[in-house]
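A short write-up of the structure that comes next.
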Amino acid sequence: MELDLDSLRKLLSKGSDEIERSVAGTGYLARTVIGVGTFLLDNEGNVDLLSAKQRVTYERFIEPLLGKTSR
């Protein structure tokens with residue numbers, strides 16, 4: 001799976017409000033989503049390295065937000 005690292009970097013640096021809105025009312029913390037995103041950046045976007053819980057966070061929050069930022 002190819003991950004657009006530039007879009008992810010942009011989301012993490014400039015999209016904190018967007019992340020906050022996406023987690024509102026879900027029980028997840030924005031810092032958790034940011035942590036998973038940072039882990040992905042540190043590991044060249046290798047989603048296969050994510051734990052099961054991290055993968056859920058990625059699929060539920062980061063993946064949809066990256067779809068919005070790449071448009």
Side-chain angles (χ1 to χ4, degrees):
M1 167 184 277
E2 280 293 312
L3 185 62
D4 184 350
L5 295 178
D6 290 332
S7 292
L8 179 58
R9 193 172 289 108
K10 180 180 174 185
L11 174 66
L12 294 177
S13 66
K14 298 178 183 172
S16 60
D17 290 340
E18 199 170 356
I19 293 170
E20 290 279 351
R21 282 192 299 274
S22 73
V23 299
T26 65
Y28 282 80
L29 299 174
R31 68 177 182 219
T32 302
V33 176
I34 292 168
V36 171
T38 302
F39 178 85
L40 286 169
L41 282 177
D42 290 346
N43 290 283
E44 299 177 9
N46 191 345
V47 178
D48 294 331
L49 296 177
L50 297 175
S51 70
K53 288 182 179 183
Q54 289 172 320
R55 189 156 196 131
V56 169
T57 302
Y58 167 75
E59 290 173 351
R60 185 166 179 187
F61 300 106
I62 296 173
E63 200 170 43
L65 289 173
L66 287 178
K68 289 180 184 178
T69 59
S70 64
R71 289 182 192 159

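These numbers come from the heavy atoms of this one structure, side chains and all, not from hydrogens, waters or symmetry mates. All figures in this text were calculated on a predicted structure; none of them were measured in a lab.
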Query raised in the report: Can you tell me how far the CG atom of Leu40 sits from the CG atom of Leu8, to the nearest 0.5 Å?
Result: 6.0 Å
Query raised in the report: What are the two closest heavy atoms between Ala30 and Glu20, and how far apart are they?
Result: CB-OE2, 3.4 Å
Query raised in the report: Between atom CG of Leu49 and atom CD of Gln54, what is the distance when rounded to the nearest 0.5 Å?
Result: 9.0 Å
Query raised in the report: In chain order, what residues pass the salt bridge (Lys or Arg N to Asp or Glu O under 4.0 Å) check against Asp6, with sequence neighbours excluded?
Result: Arg9
Report task. Could you go through the side chain to side chain contact (heavy atoms under 4.5 Å, CB included) check for Leu3 and Leu66 one step at a time? Result -> CA-CA 9 Å; Leu3 185 62; Leu66 287 178; 3.5 Å; yes
Query raised in the report: Roughly how far, to the nearest 0.5 Å, is OG of Ser22 from CD1 of Ile62?
Result: 9.0 Å
Query raised in the report: Any link between Leu29 and Leu50 through a network of hydrophobic side chains (Ile, Leu, Val, Met, Phe, Trp, Tyr) touching at under 4.5 Å?
Result: no
Requested in this report: Find the distance between OH (Tyr28) and OG1 (Thr57) and round it off to the nearest 0.5 Å.
Outcome: 5.0 Å
Query raised in the report: How many angstroms lie between OG1 in Thr32 and CZ in Phe61, if you round to the nearest 0.5 Å?
Result: 9.0 Å
Query raised in the report: How long is the span from the CG atom in Leu41 to the CG atom in Asn46, to the nearest 0.5 Å?
Result: 12.5 Å
